[in-house]
Protein chains: 2
Amino acid sequence: MIVILLYLCSINGMIMEKLLKSVKININDKIYVKDPESSDLGRRIIEHSIVMIHDLGFEAFTFKKLGLQIGSNESSVYRYFENKHKLLLYLTSWYWGWLEYQLVFATNSIPKPEDKLASAIRILTRATEVDASFSHINEVLLNKIVINEYSKSYLTKEVDQENKEGYFIIYKRLVNRIREMIQDVNSSYPYPASLASSILEGGLHQYFLMDHFSSMTDCNEKVPPAEFFVDLVFKTLKKDYNG
Amino acid sequence: MIVILLYLCSINGMIMEKLLKSVKININDKIYVKDPESSDLGRRIIEHSIVMIHDLGFEAFTFKKLGLQIGSNESSVYRYFENKHKLLLYLTSWYWGWLEYQLVFATNSIPKPEDKLASAIRILTRATEVDASFSHINEVLLNKIVINEYSKSYLTKEVDQENKEGYFIIYKRLVNRIREMIQDVNSSYPYPASLASSILEGGLHQYFLMDHFSSMTDCNEKVPPAEFFVDLVFKTLKKDYNG
DNA sequence: ACAAATATAATAGTATTACTATCATACTTT
DNA sequence: AAAGTATGATAGTAATACTATTATATTTGT
């Protein structure tokens with residue numbers, strides 16, 4: 001499916017939105033017991049878990065509370081996900097997959113490596129806006145969940161095992177895409193992977209600081225994190241960029 | 001106490017070690033119920049909680065298991081800390097306070113802003129080495145705990161309340177010190193706070209990637225994260241640094 | 001040296017979490 | 001109409017994250 005999309009280059013927002021709606025984001029099927037996209041109950045689990053994790057925080061969120069909220073049952077939720085950790089992996093994988101589509105869409109047609117990288121940084125570090133591409137998934141809330149909870153999905157004792165099973169593959173692919181773009185701008189820069197991972201991880205962190213520790217960031221409503229990172233990356237790569 | 005230390009500039013490692021031993025790191029007393037430094041049991045709680053959180057991970061660590069390990073009782077541990085979240089805040093505050101002393105010691109006597117900043121970055125992003133300054137605290141394990149668990153101490157629903165109560169003050173002061181050093185090197189750089197917070201947070205992250213996601217970093221045994229960050233910061237500040 | 005105060009240990013108990021298991025029912029497909 | 005599948009309801013378990021109470025040991029003041 002991604003192959004088809006790669007050929008569709010200069011399309012406008014409305015068309016992109018429709019295309020995104022028709023695309024199913026491919027998630028490692030070991031993450032779920034039963035594909036939540038395969039049933040109405042599954043989609044309601046996804047829809048309401050996003051709202052509830054955002055409202056309660058991941059720690060206070062439970063399958064029992066979710067079951068109650070969607071007029072269903074704790075045991076029914078367990079038929080879709082082994083536990084809430086796996087559900088978080090599902091939601092964050094979906095988010096990174098969705099961002100990856102946006103990245104590929106928006107940057108594939110850009111010929112100049114500098115323009116492409118700048119555009120990529122802006123897409124990856126911008127705040128998610130309301131667009132409602134996927135009816136049952138609120139991407140704005142999901143973005144906030146990723147900011148507040150993503151680290152918890154890999155800061156575990158099981159990370160190596162879960163990495164082996166491919167649970168973080170979409171995120172790693174995304175970092176790799178940025179790494180390649182960095183190398184296309186400056187092939188002799190010695191830390192392209194570290195810089196790429198810093199953009200993604202640091203982007204989330206700067207948003208968290210804006211919300212809770214404003215003294216530790218210069219970013220705010222008027223100066224978004226994207227500007228900090230574009231400036232940082234292009235100065236680091238010693239290529240001036242005026243965009 | 002820090003005032004005295006500021007005057008002690010060019011002293012060697014042995015003396016510094018002895019001084020560090022005599023220094024008590026000052027931690028917000030709202031974090032604990034009873035100061036763990038005030039009793040033998042308290043120090044054993046700190047000592048063994050570091051080992052156990054490192055071994056089990058924060059999620060699987062409980063006060064019951066800790067009590068068992070130190071030949072004491074769950075209920076006795078609760079007399080020192082309300083819960084394990086507060087204990088984590090205590091341990092990480094201690095770590096950042098300890099790092100701050102090292103930073104102040106090592107950089108206070110350096111006159112040239114560029115040298116001072118480079119030295120600061122190296123201290124803040126280096127791997128902790130065995131030095132056993134504090135008898136009951138294993139700083140090497142504590143450093144690993146900070147890498148793996150620090151985010152969990154602030155990625156909570158209570159972060160604003162706890163921030164108000166001053167639980168993150170040492171970390172914020174540390175970020176502020178780096179921010180000032182950045183400004184001393186280049187006063188017109190527009191993102192000194194964001195860059196400072198990125199160094200500390202990104203430093204931890206690069207170590208995590210080295211351990212678990214090596215494809216997302218260029219750092220390794222031979223190229224430590226410190227080199228990536230020194231390079232990044234000085235290129236960004238457009239000041240060449242040869243050190 | 002003795003009483004009082006304090007710290008710790010032992011035990012029990014509660015509500016919640018994170019599940020697993022079983023059975024009933026409803027809906028769907030052939 | 002029978003069989004299969006999805007969901008719902010209920011019950012049960014072990015562990016967690018505490019709180020409360022009482023007993024005992026240690027320290028401290030006079």
Side-chain angles (χ1 to χ4, degrees), chain A residues 29-49 52-53 55-91 136 149 152-153 155-158 161-162, chain B residues 29-49 52-53 55-91 136 149 152-153 155-158 161-162:
Chain A
D29 59 16
K30 283 182 209 142
I31 290 182
Y32 48 77
V33 181
K34 180 182 171 176
D35 185 359
E37 288 299 327
S38 72
S39 75
D40 182 67
L41 178 62
R43 284 183 294 270
R44 276 191 298 140
I45 287 173
I46 298 306
E47 179 181 354
H48 287 90
S49 66
M52 291 185 79
I53 292 174
D55 285 349
L56 304 173
F58 187 65
E59 281 70 31
F61 167 80
T62 68
F63 280 2
K64 194 173 183 179
K65 291 174 188 168
L66 175 62
L68 209 75
Q69 186 78 17
I70 62 180
S72 175
N73 200 277
E74 198 185 4
S75 61
S76 300
V77 181
Y78 276 103
R79 285 199 197 91
Y80 286 85
F81 294 99
E82 276 178 61
N83 49 52
K84 68 177 180 174
H85 170 70
K86 290 282 182 81
L87 172 58
L88 180 62
L89 285 173
Y90 181 91
L91 294 176
H136 63 296
E149 323 286 359
K152 298 172 193 168
S153 77
L155 294 176
T156 68
K157 279 283 162 188
E158 297 77 33
Q161 180 58 35
E162 295 188 344
Chain B
D29 60 16
K30 282 182 211 143
I31 290 182
Y32 47 75
V33 181
K34 181 181 172 178
D35 185 359
E37 286 300 324
S38 72
S39 76
D40 182 66
L41 179 62
R43 284 183 294 271
R44 276 191 297 137
I45 286 172
I46 299 305
E47 179 182 354
H48 288 89
S49 65
M52 291 185 79
I53 292 173
D55 286 348
L56 304 173
F58 187 64
E59 281 71 32
F61 167 81
T62 70
F63 280 2
K64 195 173 185 181
K65 290 174 188 170
L66 175 63
L68 209 76
Q69 184 79 15
I70 62 181
S72 176
N73 200 278
E74 196 186 4
S75 60
S76 300
V77 181
Y78 276 102
R79 281 202 204 84
Y80 287 83
F81 294 98
E82 276 176 62
N83 48 52
K84 66 176 180 174
H85 170 70
K86 289 280 182 81
L87 172 57
L88 180 62
L89 285 172
Y90 181 90
L91 294 177
H136 63 295
E149 323 286 359
K152 297 171 193 169
S153 77
L155 294 177
T156 67
K157 279 284 162 187
E158 297 78 32
Q161 180 57 33
E162 295 188 345

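- Contact between the side-chain N/O atoms of Tyr80(B) and the OP1/OP2 oxygens of dA7(C) is not found at any separation under 4.0 Å.
- dT7(D) atom P lies 14 Å from atom CG of Leu66(A), rounded to whole Å.
- Regarding Phe63(A), its CZ atom lies at a distance of 18 Å from the P atom of dA9(D), rounded to whole Å.
- Annotation: side chain of Val33(B) is in contact with side chain of Glu82(B) (closest heavy-atom distance under 4.5 Å).
- A side-chain N or O of His85(A) and one of Glu162(A) form a donor-acceptor pair less than 3.5 Å apart.
- A salt bridge does not link Glu59(B) with Lys157(A): every distance from a Lys NZ or Arg NE/NH1/NH2 to an Asp or Glu carboxylate oxygen is 4.0 Å or more.
- Residue Lys84(B) has its side chain nearest to dA17(D) when only dT8(C), dT7(D), dA17(D) are considered.
- Here Ser38(A) does not reach the OP1 or OP2 of dA6(D): none of its side-chain N or O atoms lies under 4.0 Å away.
- In this entry the distance linking CD of Glu59(B) with P of dA18(C) reads 11 Å, nearest Å.
- Between Lys64(B) and dC18(D) there is no side-chain polar atom (N or O) within less than 4.0 angstrom of OP1 or OP2.
- Counting to the nearest Å, the P atom of dT8(C) and the CG atom of Leu68(B) are 18 Å from each other.
- Under the side-chain hydrogen bond (donor to acceptor under 3.5 Å, both in side chains) rule, His136(A) has a single partner from Arg43(A), Arg44(A), Glu37(A), which is Glu37(A).
- When the P atom of dA17(D) is taken as reference, atom CG of Leu87(B) falls 12 Å away, rounded to whole Å.
- Ring geometry, Phe58(B) versus Phe61(B): the interplanar angle falls under 30°, so the pair is classed parallel (tilted spans 30 to 60°).
- Judged as a side chain to side chain donor-acceptor pair (under 3.5 Å), and not counting sequence neighbours, His48(B) has no contacts.
- A donor atom on one side chain and an acceptor atom on the other are not found under 3.5 Å apart for Ser49(B) and Tyr90(B).
- Note: CZ (Arg44(B)) to P (dA7(C)) measures 16 Å, nearest angstrom.
- What separates CG of Asp40(B) from C1' of dA25(D) is a distance of 15 Å, to the nearest Å.
- Here Lys34(B) reaches the OP1 or OP2 of dA7(C): one of its side-chain N or O atoms lies under 4.0 Å away.
- In the region residues 71-79 of chain B, proximity to DNA chain D at under 4.0 angstrom, judged on heavy atoms, holds for Glu74(B), Ser75(B), Tyr78(B).
- Atom-to-atom, CG of Leu41(B) to C1' of dA25(D) comes out at 14 Å; the value is rounded to the nearest Å.
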